[in-house]
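Worksheet: one structure, shown below.
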Amino acid sequence: MPSGYAIIANGLVKRYTTWERRGFLKRVKRVVEALRGVSFTVRWGEVFGLLGPNGAGKTTTVKIISTLLLPDKGTASVAGYDVVSEPVRVRERIGVVLSVERGFFWKLTGRENLRYFGMLRGLRGRQLDEAVERAVRLVGLDELGAVNKLYEEYSLGMKARLALARALLHDPPVLILDEPTLGLDPPSARRIRELLIRLARENGKAVLITTHNMFEAEIVCDRVAIISEGRIAAIGSPDELKGMVAKSVTVTVRFRAHRAAATSLTGLEEGIAKALGTRNLRVEEEEGSNNLRLRVLVKPGEEEETISRVVAVLSGLGYSVRSIEVGKPTLEDVFIALTRRGEQA
Ligand SMILES: Nc1ncnc2c1ncn2[C@@H]1O[C@H](COP(=O)(O)OP(=O)(O)OP(=O)(O)O)[C@@H](O)[C@H]1O
């Protein structure tokens, strides 16, 4: 394993300037502060996750580290090379998979696509054959019988594996993946997650992923940085992060959704937050049922009071409660607590 850190991000700041249309001819300049000083390090042999809600700055961060975007302020290095002054050396050492993968040839097979990209990386002859077959085997494209299919016939899962195979062609020590399992079915997502863990543990690679999926962060990542509104809210192992709210308990209330009741989920969340006097809560739809789920983080001893107030608010709004549980916080609860802190201020 090379010495030092695989990735160092130090005080990254990035602003986007956009022009918003106001009326027919008028355009107003708007500055979006995507990153407001993002710092973290990724070690060799670990999977590191940038976890945050939409618009938090995850993609902007990985684009800077992948040399696809320049920071306005701050520095970043990969394997000791600076992303701004030594981009070629950085690119030689990274494999990148962005969430919207473009650039594959629709009329070529998976293998032909990989051969083409391998040649762009300077691979030829036996070296190229071996690199392509190794990457194909690693991601399991051979098992799916997909290597000889045209790219245009690929399912989303096959496309994701091919993109990962392309990133692995030159056997880079650092892998950077933006939402690697977005839109994949559970078996395909599991396969990719297992592979990322293996590449870190067995091959000593540093793997940086972005995700807004807590479950993924908890099972795949050795360490996680929670990013919110362009700032890192916390960094640690999933257990360490859970320890931050370990002195809290979560109350989960499931209730039947019905159309006549309160309008949007956000509206409902706001109403309950006001009634309870806390913002450490979230309302969401429960997959595969007609239920809504409210999770609220409270101090031990406050459970009963919280439950009776939640039940009163919900029945006042015409919802019927299906079940109530009190339990230990999950990474999701940490996430809610940390990403809501800014809103409270
Ligand atoms: N090219 C751009 N021009 C203007 N604003 C941008 C641009 N790219 C991103 N932004 C804005 O910068 C902020 C951070 O975006 P970014 O894509 O990095 O977030 P993200 O955490 O990856 O979100 P998502 O999960 O939705 O992909 C957002 O407010 C976004 O709207």
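Counting convention: from 1, in listed order, for ligands and their atoms alike. Quick note: numbers below take in every heavy atom, side chains included, and nothing from hydrogens, waters or symmetry partners. In this text the structure is predicted, and so the values were computed from the model without any measurement.
For residues 137-150, the pairs satisfying side chain to side chain donor-acceptor pair (under 3.5 Å) are R111-N148, E143-R191, with sequence neighbours left out.
Under the 3.5 Å distance criterion, the side-chain polar atoms of K205 are matched with a main-chain donor or acceptor of P172.
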Anything under 3.5 Å between a donor and an acceptor, one on a side chain of residues 297-316, the other on a protein residue two or more places apart or in another chain? List them.
{"from": "E302", "atom 1": "OE1", "to": "K299", "atom 2": "N", "distance (Å)": "3.4"}
{"from": "E303", "atom 1": "OE1", "to": "G301", "atom 2": "N", "distance (Å)": "2.6"}
{"from": "T306", "atom 1": "OG1", "to": "E302", "atom 2": "O", "distance (Å)": "2.6"}
{"from": "S308", "atom 1": "OG", "to": "E304", "atom 2": "O", "distance (Å)": "3.3"}
{"from": "S308", "atom 1": "OG", "to": "E305", "atom 2": "O", "distance (Å)": "3.0"}
{"from": "R309", "atom 1": "NH2", "to": "A275", "atom 2": "O", "distance (Å)": "2.9"}
{"from": "S315", "atom 1": "OG", "to": "V311", "atom 2": "O", "distance (Å)": "2.8"}
{"from": "S315", "atom 1": "OG", "to": "A312", "atom 2": "O", "distance (Å)": "3.3"}

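Protein residues having a heavy atom under 4.0 Å from any atom of ligand 1 are Y16, T18, V32, A34, P53, N54, G55, A56, G57, K58, T59, T60, listed by chain and number.
By the salt bridge (charged side-chain N to carboxylate O under 4.0 Å, His left out) test, R254 is found to be paired with E286, E325, residues two or more places apart in sequence or in another chain being considered.
In the displayed structure, K63 atom NZ is contacted under 6.0 Å by at most 12 heavy atoms of other residues, nucleotides or ligands.
Across A6 and V174, no two heavy atoms sit closer than the pair CB-CG2, 4.3 Å.
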